[in-house]
Undergrad: 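Mind looking over this structure? Questions follow.
Numbers restart at 1 for each chain; the letters A, B, ... are given by sequence-line order, proteins then strands. No experiment lies behind these values; they were computed from the predicted model shown.
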2 protein chains.
Amino acid sequence: MTAEWVEELGAERASLGRASTAGRVADVLRAHVTQGRLLPGTRLSEEEIGAALGVSRNTLREAFRLLTHERLLTHEFNRGVFVRRLDSDDVRDLYAFRRILECGAIRRGATLGRLTGEPLDDVRRAVETGERAAAAGDWNEVGTANMEFHQALGALADSQRVDEAMSHVLAELRLVFHAMAAPEAFHQPYLEDNRRIFEFVAAGSHEEAVAALLAYFDAAEAQLAAAI
Amino acid sequence: MTAEWVEELGAERASLGRASTAGRVADVLRAHVTQGRLLPGTRLSEEEIGAALGVSRNTLREAFRLLTHERLLTHEFNRGVFVRRLDSDDVRDLYAFRRILECGAIRRGATLGRLTGEPLDDVRRAVETGERAAAAGDWNEVGTANMEFHQALGALADSQRVDEAMSHVLAELRLVFHAMAAPEAFHQPYLEDNRRIFEFVAAGSHEEAVAALLAYFDAAEAQLAAAI
DNA sequence: ATTGACGGATTGTTGAACAATCCCTCATTC
DNA sequence: GAATGAGGGATTGTTCAACAATCCGTCAAT
């Protein structure tokens, strides 16, 4: 017991004060991008951002490098750094990738016997959050819950790399929505889909869940492509 | 025709002189890491590497940031940058991710009608290269061909993000092999598996291909786990 | 309308400097 | 011998200043 407690303390300490300034700046910028405060296409001036955040240009450049690999920023040689703007090819590719990740995660979850317990509860919670938010007319929250739903589907695979890939995919999708005129209309139609997919998963019918998810992807991708 | 020629010239020019020094340094380091000249656990001193490559520490730090997200390097705050050393959890997670990526890519390829033509030829070519290399006793080349085989399986999905994820996964696997005493023994047993998987894919029997691939993953993961 | 020149703003990189941190060595204590 | 603490050197993380190169907008000339 003592050894476990000391380990926890060690892990706590590891997460405090171990972040570099570059890492922290990247966190701040990431939040601004994913929350739509920095819109796709926006140019991030080293001078301005550096002054605003009180860090040197070199440190900021390190932070930029951290974020370009997350595909949130795009680095154009000699022209600067921009919040990424996704085009229809990006959307197509994102959905191809999602099909592989999320369907594979459900299958993997079934193989590992994880379509139950806490992983399943996370999926359920996201569905319920979305339904509640829709009933309250909070479309922003519906969108957030929808993303949580998909992140939870990915988490059925119990894989750090899948979780991370899902996180990046969903961050990119946020960029797509931020560039849209009326993104709210995008999420509501799929609440019933989410509920159905969840129920298949909960019933252990993973192949049905996969089929329902694929149908959702087809519809969502088509709707998104039409909106860009 | 003229417009096409001008476009090609434009693309050529875009690939010349558009790389930053940080990007180039990252390329050099990436090659050293993936080719085993910098072994897992090796510490990369800013002073030494900067002097050797003739770049400033700031530029080198940018390059390091580029490579940490590719999971080739690991950045330890206040301690420096190291070539990543993978542990058994990493291997487990890599194989989980591969199952999802590669099996999903075969399925996606089938849906898109791509288990034919050039994508299939790339798979066949990698199998043949491996068999030729094994006949010549060139185990290094067998290993390389094996990686090409799996990259080609991923490419069946026709997705840039899948290709990229596969590329990263295979780079990480190289790190695992570089840390092994006798990695050659790892690739040869699977030549027949590769041939069988290829033949299922070529016959359009994607579910059989997936089953054979999963069996391969189970065996390869077990062998690798035992070797770490 | 097109082209070329110019200038200002910005990026990319370098190098120096300094504070903070880490790690190794050595001395001291039990 | 093992554990602890101090000291010092090496290195990292960051800042700053400087400069060359590049880009882009503006203006003048054709």
Undergrad: Picking from dG12(C), dC22(C), dT12(D), which would you name as closest to the side chain of R79(B)?
TA: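 My answer, after comparing the listed nucleotides, is dC22(C).
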Undergrad: Per the side-chain contact (heavy atoms from CB on, under 4.5 Å) rule, which among L67(B), V33(B), I49(B) passes with L44(B)?
TA: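 Answer to the side-chain contact (heavy atoms from CB on, under 4.5 Å) test with L44(B) among L67(B), V33(B), I49(B): I49(B).
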Undergrad: Quick one: which of dT10(C), dT13(C), dG13(D) gets closest to the side chain of E46(B)?
TA: dG13(D)
Undergrad: Do R161(B) and E172(A) sit within salt-bridge range, that is, some charged N less than 4.0 Å from a carboxylate O?
TA: yes
Undergrad: Looking only at side-chain atoms of T21(B), point me to the closest of dT13(C), dT14(D), dC22(C).
TA: dT13(C)
Undergrad: Is there, by distance only and without an angle test, a donor paired with an acceptor across the side chain of R57(B) and the base of dG15(C) below 3.5 Å?
TA: no
Undergrad: Check the distance between dT21(C)'s P and E76(B)'s CD and give it to me in whole angstrom.
TA: 17 Å
Undergrad: Against L73(B), only a single residue in L66(B), V83(B), L38(B) fulfils side-chain contact (heavy atoms from CB on, under 4.5 Å); can you say which?
TA: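 Answer after filtering L66(B), V83(B), L38(B): V83(B).
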Undergrad: Please report, rounded to the nearest Å, how far the C1' atom of dC23(C) is from the CZ atom of F82(B).
TA: 11 Å
Undergrad: Given dT22(D), dT15(D), dT12(D), identify the nucleotide with an atom nearest to the side chain of N58(B).
TA: dT15(D)
Undergrad: Using the side-chain heavy atoms of S56(A), tell me which of these nucleotides is nearest: dT15(D), dT13(C), dG12(C).
TA: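 That would be dT15(D).
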Undergrad: Within 45 degrees of the axis of the six-membered ring of Y95(A) and under 6.0 Å from its centre: does R98(A) put its NZ or CZ there?
TA: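 The answer is yes; both the distance and angle limits are met.
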Undergrad: Which nucleotide in the set dT11(C), dT13(C), dT12(D) lies at the smallest distance from any side-chain heavy atom of R61(B)?
TA: dT12(D)
Undergrad: Please state whether the phosphate of dC23(C), meaning OP1 or OP2, lies under 4.0 angstrom from any side-chain nitrogen or oxygen of R43(B).
TA: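 No, because none of the side-chain N or O atoms of R43(B) sits under 4.0 Å from OP1 or OP2 of dC23(C).
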